[in-house]
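Down below is the structure, laid out as structure tokens.
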Amino acid sequence: MKITFLTAPLLLLTAFTSSVIAQSKPSPLDQYLDDAAVIVVVKCLSVGAVNILLRANVEIEVMHVVKGGEIPKKITVDSQFEMAVGEYYLLMSKSIPTEKQYLRANTRDSVIPIASAVEAEKLKTFSPRIAVLRTMNIRISELESEIRTRAYELEALKNVKGYN
């Protein structure tokens with residue numbers, strides 16, 4: 001009899017715990033993928049003048065659709081972030097482009113530089129999750145390397161300058 005009273009609460013506790021764990025919050029990468037209406041690999045064709053809001057109309061060529069439906073081959077992006085002509089980018093937008101509406105790049109993680117044209121081609125073979133994760137990891141590595149290089153340069157200059 002005591003075993004039955006002890007076993008029943010343990011089973012209920014186990015069932016409750018497993019349902020609470022199953023309702024955990026999605027990872028930031030999952031949230032990024034869920035929030036995106038469109039994720040595309042693009043090549044920058046031209047950059048327009050920067051307006052008073054520090055935004056520019058950038059003409060791009062869509063090389064590959066990572067996530068989203070049918071997208072015109074050439075489209076304009078209203079971007080707050082720098083893009084260079086001839087360079088490749090992974091572009092994420094929360095809005096779907098139409099003939100009247102541009103894509104908008106509003107957050108820093110919506111325009112991620114791609115290392116090379118070869119890397120842009122490789123992204124065609126990956127799932128959306130792997131394509132985004134690979135691009136972000138390569139960019140993070142590049143940025144960390146640049147930060148280390150700048151820190152060494154800063155320290156060397158401070159040492160030469162001394163206490164002056």
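- The two residues Y88 and S116 come nearest to each other via the heavy atoms CD1-C, 4.4 Å.
- Counting heavy atoms from C-beta on, the side chains of L133 and L29 come closer than 4.5 Å.
- A115 approaches E142 most closely through the heavy-atom pair CB-OE2, 3.6 Å.
- Here the CG-CG distance, from L154 to N159, works out to 9.5 Å after rounding to the nearest 0.5 Å.
- Residues R55 and S79 are not in side-chain contact: their nearest non-hydrogen atoms beyond the backbone lie 4.5 Å or more apart.
- Taking NZ from K94 and CG from D34, the interatomic distance works out to 11.0 Å, rounded to the nearest 0.5 Å.
- Taking all atoms of both residues into account, the shortest heavy-atom contact from Y89 to V111 is CD2-CG1, 3.7 Å.
- Side-chain contact between E153 and R150 is present, with at least one heavy-atom pair separated by less than 4.5 Å.
- Rounding to the nearest 0.5 angstrom, the gap separating the CG atom in L91 from the CE atom in M83 is 5.5 Å.
- Looking only at atom types and distance, the side chain of D35 has a donor-acceptor partner in the side chain of Q31 under 3.5 Å away.
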Pair L45-V85, side-chain contact (heavy atoms from CB on, under 4.5 Å): steps then yes or no: CA-CA 5 Å; L45 300 176; V85 174; over 6 Å; no
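- Side-chain contact between H64 and V40 is absent, with no heavy atoms from C-beta onward closer than 4.5 Å.
- Side-chain contact between V66 and V41 is present, with at least one heavy-atom pair separated by less than 4.5 Å.
- By the criterion of side-chain heavy atoms lying less than 4.5 angstrom apart, applied directly or through intervening Ile, Leu, Val, Met, Phe, Trp or Tyr residues, I114 is grouped together with I39 in one hydrophobic cluster.
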Check against side-chain contact (heavy atoms from CB on, under 4.5 Å), M136 and I112: CA-CA 7 Å; M136 286 184 176; I112 304 169; 3.7 Å; yes
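- In terms of hydrophobic clustering, with Ile, Leu, Val, Met, Phe, Trp and Tyr side chains grouped at heavy-atom distances under 4.5 Å, V38 and V62 are assigned to a common cluster.
- Closest approach of C44 and I60 over heavy atoms only: CA-CG2, 4.3 Å.
- Side chains of R129 and L33 form a contact here, defined as non-hydrogen atoms less than 4.5 Å apart.
- In terms of heavy atoms, T135 sits closest to P113 at CG2-O, 4.1 Å.
- No path of Ile, Leu, Val, Met, Phe, Trp and Tyr side chains, each step under 4.5 Å between heavy atoms, connects L143 with I138, placing them in separate hydrophobic clusters.
- Sparse packing is recorded around NZ of K74, with 12 or fewer heavy atoms of other residues, nucleotides or ligands lying under 6.0 Å away.
- For K158, the NZ atom counts as loosely surrounded, since its 6.0 Å shell holds 12 or fewer non-hydrogen atoms of other residues, nucleotides or ligands.
- Expressed to the nearest 0.5 Å, how far CZ of F81 lies from CG of L54 amounts to 10.5 Å.
- In terms of heavy atoms, D109 sits closest to Y32 at O-OH, 2.8 Å.
- Considering CD1 of I140 and OG of S145, their distance stands at 13.5 Å, rounded to 0.5 Å.
- In this structure the side chain of V42 never reaches within 4.5 angstrom of the side chain of M63, judged on heavy atoms.
- Counting only heavy atoms from C-beta outward, the side chains of K43 and E87 never approach each other to under 4.5 Å.
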Intermediate values then yes/no, side-chain contact (heavy atoms from CB on, under 4.5 Å), T76 and V58: CA-CA 5 Å; T76 302; V58 180; over 6 Å; no
Verdict with supporting geometry, E119 and R134, side-chain contact (heavy atoms from CB on, under 4.5 Å): CA-CA 10 Å; E119 185 61 33; R134 180 181 176 96; 2.4 Å; yes
